[in-house]
J.: 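Questions regarding the structure given below will be posed in turn.
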Amino acid sequence: MSAKAPLPLHVVTGFLGAGKTTLINRLLRAPELEGALVVVNEFGEVGLDHLLYERIADDVVLIAGGCLCCQVRGDLVDALHDLLDRRDSGALTPFTRIVLETSGLADPAPILHTLIADPVLARRLRLAGVTTLVDARNGASTLERHGEARRQIALADRMLLSKSDLVADPTAMARLRASLADLNPAAPILDLTREPFGAREFLAPASEAAPRPRASRMSAHGASARAQAFTTATPIEAHALSHFLDLVQRFAGPRLLRVKGLVATREAPENPWLIQGAQHAMHPPERLPAWPDARRETRLVVITDGIAAETIESLWRALIGAPEIDRADLAALADNPLAPRRGGLLG
């Protein structure tokens, strides 16, 4: 990999006791993750002690399989800058990717925002996906009690159920799955006990959106963090997409957690835009040379906290020109804000 190419960064999150370290320990034994740098954004002891065999610096150790592990005790931004500088200078082995294990109480949104808003990190690192682990035994009660856990779910590109073998009641498991899908209909849910999940699955691109457009329902958790997934087979005009994203940012403000997706535009339908945004920062859209898979359709996910699902869905309907009945406000929105204009995110 070229020294100038963005390094993939994989975020592994999940509430306390979900099994993040156990999963990472297992994944690091695979040759596909050779040369990875594991960053543990956690206070206390690094939970990789049984794999450590050579200390390189005060905060970096070499672990089995040729990986490195760094424990962050301070500011994550400074730590990432420092690690990249040491990699460039030769002070560290030139790691090929970063696996970031967050604290069990962490809100991933500021981390994702940092990767987009910091100009150096935005150039040097590429978000490769957010994997959220869910303790099947305690997941339902955790979601009810802790907003951080709901945000971890809403921001996930994929969800992994752990400890499902300790849940004897299939009805309880079904309810948990329904709650997870309600908070994030765009992310697949895999059961680590019953489904294979190794390094190849971890490194594979996560699903970009739900199979069909729909907004998440109002859940038992009330108006909180939730993901809404939208798809359309009809290419979208670039100026309308730009203004749609501007309006989403304006309406949601700091309650916009993440925007991601692939968008087919009328100007170049075979070269989709890759859209990435977190909180109030939007990464410059990247025009891909081709679709990454056989699904040549727009897939967009908008993740908010405390925003009514109908607000974002109304903007989406206006964007794609969906007909509305007895909705004067939405008609006005469709007739004006998304009309052709210059400027905006996509120019």
J.: For Arg145, I'd like to know if atom CZ has over 12 heavy atoms of other residues, nucleotides or ligands within 6.0 Å.
T.: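 No.
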J.: When you measure from the side chain of Trp291 to the backbone N and O of Pro269, does any donor-acceptor pair fall under 3.5 Å?
T.: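 Judged by distance alone, yes, a pair lies under 3.5 Å.
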J.: Report all side-chain donor-acceptor pairs from residues 166-178 shorter than 3.5 Å, counting only partners two or more places apart or in another chain.
T.:
{"from": "Asp169", "atom 1": "OD1", "to": "Thr171", "atom 2": "N", "distance (Å)": "3.0"}

J.: Side chains of Asp118 and His113: closer than 4.5 Å at any heavy-atom pair?
T.: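 Not in contact.
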J.: Are Leu257 and Leu155 side-chain neighbours, meaning at least one heavy-atom pair lies under 4.5 Å?
T.: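 Side-chain contact under 4.5 Å: yes.
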J.: Can you give me the closest heavy-atom contact between Ser164 and Asp191, atom names plus distance?
T.: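 Here Ser164 and Asp191 meet closest at OG-OD1, 2.7 Å.
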J.: Only counting residues at least two apart or in another chain, list the ones meeting side-chain contact (heavy atoms from CB on, under 4.5 Å) with Ala154.
T.: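 For Ala154, the residues satisfying side-chain contact (heavy atoms from CB on, under 4.5 Å) (neighbours in sequence not counted) are Ala225, Ile303.
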J.: Would a single hydrophobic cluster contain both Leu127 and Phe95, if residues Ile, Leu, Val, Met, Phe, Trp and Tyr are joined by side-chain heavy-atom contacts under 4.5 Å?
T.: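 In one cluster with Phe95: Leu127, yes.
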J.: Compute both the distance and the angle, then confirm whether Arg299 meets the cation-pi test with Phe230: under 6.0 Å from the six-membered ring centre, within 45 degrees of the axis.
T.: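 No cation-pi geometry.
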J.: Thinking salt bridges, do Arg158 and Glu201 make one under a 4.0 Å N-O criterion?
T.: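 Here Arg158 does not pair with Glu201 in a salt bridge, since their nearest N and O are not under 4.0 Å apart.
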J.: Pro110: which residues meet the side-chain contact (heavy atoms from CB on, under 4.5 Å) condition with it, sequence neighbours left out?
T.: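 So Pro110 forms a side-chain contact (heavy atoms from CB on, under 4.5 Å) with Asp107, Gln279.
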J.: According to a 4.5 Å side-chain heavy-atom criterion applied to Ile, Leu, Val, Met, Phe, Trp and Tyr, with indirect links allowed, do Ile116 and Val302 form part of one hydrophobic cluster?
T.: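 Ile116 does not cluster with Val302.
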J.: Verify whether one side chain among Thr298 and Thr232 offers a donor that lies under 3.5 Å from an acceptor in the other.
T.: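 Looking only at side-chain atoms, Thr232 and Thr298 do not form any donor-acceptor pair under 3.5 Å.
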J.: Hey, could you give me the OG/CG distance between Ser162 and Leu23, rounded to the nearest 0.5 Å?
T.: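 Nearest 0.5 Å value for the OG-CG distance: 9.0 Å.
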J.: Between CD1 of Ile153 and CG of Leu180, what distance do you get to the nearest 0.5 Å?
T.: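 With rounding to 0.5 Å, CD1 (Ile153) is 5.0 Å from CG (Leu180).
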J.: Of all heavy-atom pairs between Gln152 and Thr132, which one has the smallest distance, and what is that distance?
T.: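 In terms of heavy atoms, the two residues are closest at O-OG1, 2.8 Å.
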J.: Over 60° means perpendicular and under 30° means parallel, so tell me whether Phe202 and Phe197 are parallel, tilted or perpendicular.
T.: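 Because their plane-to-plane angle is over 60°, the rings of Phe202 and Phe197 count as perpendicular.
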J.: Is the closest basic N to carboxylate O distance between Arg250 and Asp246 below 4.0 Å?
T.: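 Not counted as a salt bridge, because no side-chain N and carboxylate O are separated by less than 4.0 Å.
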J.: When you check the gap from the basic side-chain N to the acidic O, do Asp157 and Lys260 get nearer than 4.0 Å?
T.: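 So Asp157 pairs with Lys260 through a salt bridge.
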J.: Indicate yes or no: does Glu310 engage Arg317 in a salt bridge with an N to O separation below 4.0 Å.
T.: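 Answer for the salt bridge query: yes.
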